[in-house]
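Shown next, in structure tokens, is the structure this report addresses.
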Protein chains: 2
Amino acid sequence: MATGRTHRPATRSRGIPEATVARLPLYLRALTALSERSVPTVSSEELAAAAGVNSAKLRKDFSYLGSYGTRGVGYDVEYLVYQISRELGLTQDWPIVMVGIGNLGAALANYGGFASRGFRVAALIDADPAMVGKPVAGMPVQHIDDLEKIIDENGVSIGVIATPAGAAQQVCDRLVTAGVTSILNFAPTVLSVPDGVDVRKVDLSIELQILAFHEQRKAGEEAGAAEAVVPPVVRGATAPAEGRKGPDGDMPAVMPA
Amino acid sequence: MATGRTHRPATRSRGIPEATVARLPLYLRALTALSERSVPTVSSEELAAAAGVNSAKLRKDFSYLGSYGTRGVGYDVEYLVYQISRELGLTQDWPIVMVGIGNLGAALANYGGFASRGFRVAALIDADPAMVGKPVAGMPVQHIDDLEKIIDENGVSIGVIATPAGAAQQVCDRLVTAGVTSILNFAPTVLSVPDGVDVRKVDLSIELQILAFHEQRKAGEEAGAAEAVVPPVVRGATAPAEGRKGPDGDMPAVMPA
DNA sequence: GCATGTGAATAGCTTCACAGCT
DNA sequence: AGCTGTGAAGCTATTCACATGC
């Protein structure tokens, strides 16, 4: 999800809807697995199952890329792998920098998952002088003072931020000034960036909170199931007080002025 | 994003749209920051800016929760913190288990971000006997043989999977059988779960690929900008070959049969 | 015959713009 | 006067269902 003032609202990316773009990597992963097993062709039904979507959606998605299937047969696996890779821009090499080599940053650096797919970690960067020079994932950590130089020399346009929340905006600003135009943010903060810069965020805590919401609903369903006509009895003692109109549950202590 | 056969398609969660639920944690974070600075009230405009959304969306979102604001004034910060927390189910304690204590798992365990917000790591679990007993983030790692016992004794309903891709489905199945109904998946695989179980996934590699797509488009724009009437000259030599109808770019080597 | 590709229908989300309340 | 709360409009995404072409 892009954040802040980001993500061109106007024209859709070369006609490919954002929702489709977000699924292309899923298809690509499923196709790569098939390719490794030397499966020559696959139907929309099979591939959709492997990618965890339904087949109509998959066919619609592919239709934005072009007519890459064969009616009555399905899709050629190798061909699709190539087309989707090209569409995603993975046929070229993307040097990236990671800023913030703490627990998470180090774990990400060690995670090989992206190194395989067109991405190459050009540098690991941290502000802590004690970290500088230490090898992480086989590379020496570099000091943030050299950020601009590193970005420039390596032609980096994608940055990963894994700093504490407090440092993220500042790091972001420096990345953007130095020429980075895509940022993956692991810090739990909203980043503000100028137009033309894309930000995506990954936040563990937010994901858990969303799960908790659904989990809570499941628990509540057990009781108030079946005939949902009679509203469940109010938990507290008194009747719904005047004023606030929330469905139920008031503040434990004091009410707002 | 929920995956596989998941996420009740029918009735919306107590009337709250999924897109709204996904933003509540953002609002909550912004509100918590205001609360810590003892700001008493906030307008939709201010709060929206802090959360990185626009104010109309925020007001619409809040309208699904109830009428918690005061016209002409704004929202009471403390009150909203409480209401959103309650809506998200964060006024109760959620014990979670983390399975797979490798680089990433350990980093997540050390990341305090969720411990604060109603979530409590009940156990760290790994399949590697060499890991068992080792302290990570102040807790001894436990063996996966005890998974069911741990889940049962702690009343765990939320699990985090940070294993290698190959082990994820198997771990997922065991979690579900043991009673877990919400899963946060960091392994790069599609998990299949029965109805009623929610899965959300976090995948670094996918996020980077989405960024690469947009990045590529930006690079292409520099050339074909301004008057987009005349189509840009075809990159290769020959005219668009018959047969495949993709917008441009064919396979480097062999074509499919 | 069979699976793709796609218009048309539906559902869901966002934005607008203003009525309603403080 | 100012800001919320919300119908209505517009837009994006998903699903349906079938014509199309191998």
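Reminder, nothing fancy here: chain letters follow the sequence lines and each chain counts from 1. No hydrogens, no waters, no symmetry mates; every other heavy atom, side chains included, goes into these values.
With hydrogens and angles ignored, the 3.5 Å screen pairs no side-chain donor or acceptor of K201(B) with any backbone N or O of L184(B).
Scanning DNA chain C for stems, defined as runs of 3 or more consecutive Watson-Crick or G-U wobble pairs whose donor-acceptor distances all fall under 3.5 Å, gives the following ranges: C:1-22 with D:1-22.
In this structure, Y64(B) places its OH atom 9 Å from C1' of dT6(D), rounding to the nearest Å. Regarding Q83(A), its CD atom lies at a distance of 17 Å from the P atom of dT4(C), rounded to whole Å. Rounding to whole angstrom units, CG of residue D61(B) and P of dT14(C) are separated by 7 Å. As a whole-Å value, the separation of L65(A) CG from dG5(C) C1' is 12 Å. For the pair L58(A) CG and dC16(D) C1', the computed distance is 16 Å after rounding to whole Å. For the pair L80(A) CG and dA3(C) C1', the computed distance is 14 Å after rounding to whole Å. Atom-to-atom, NZ of K57(A) to C1' of dA3(C) comes out at 20 Å; the value is rounded to the nearest Å. To the nearest angstrom, P of dT14(D) lies 14 Å from CZ of F62(A).
Across all strands, Y75(B) comes closer than 4.0 Å only to sugar-phosphate atoms, never to a base (heavy-atom distances).
Between Q216(B) and L88(A) the shortest heavy-atom distance is NE2-C, 3.8 Å.
Between atom CD1 of residue I96(A) and atom CD of residue E215(B) there is a gap of 12.0 Å, rounded to the nearest 0.5 Å.
In this model, a donor atom of one side chain and an acceptor atom of the other lie less than 3.5 Å apart for S44(B) and R59(B). For the residue pair S205(A) and Q209(A), a side-chain donor N or O sits within less than 3.5 Å of a side-chain acceptor on the partner. With 3.5 Å as the limit, one finds no donor-acceptor pair spanning the side chains of Y82(A) and E78(A).
Within 6.0 Å of CD on Q169(B) lie more than 12 heavy atoms contributed by other residues, nucleotides or ligands.
Annotation: Y68(B) is not in aromatic contact with Y75(B) [ring centroid separation under 6.0 Å not met].
With sequence neighbours excluded, the residues forming a ring pair (Phe, Tyr, Trp, His ring centres under 6.0 Å) with Y27(B) are F62(B), listed by chain and number.
Evaluation of atom-type donor-acceptor distances gives no pair under 3.5 Å for the side chain of R71(B) against the base of dT22(C). Between the side chain of R59(B) and the base of dT4(D), no donor-acceptor pair of N or O atoms lies under 3.5 Å.
Near DNA chain D, meaning a heavy atom under 4.0 Å from it, residues 39-46 of chain B has S43(B), S44(B) in order of number.
When distances are taken from the side chain of K60(A) to each of dG5(D), dG7(C), dT15(C), the shortest belongs to dG7(C).
Side-chain nitrogen and oxygen atoms of N54(B) include at least one within less than 4.0 Å of the OP1 or OP2 phosphate oxygen of dT15(C).
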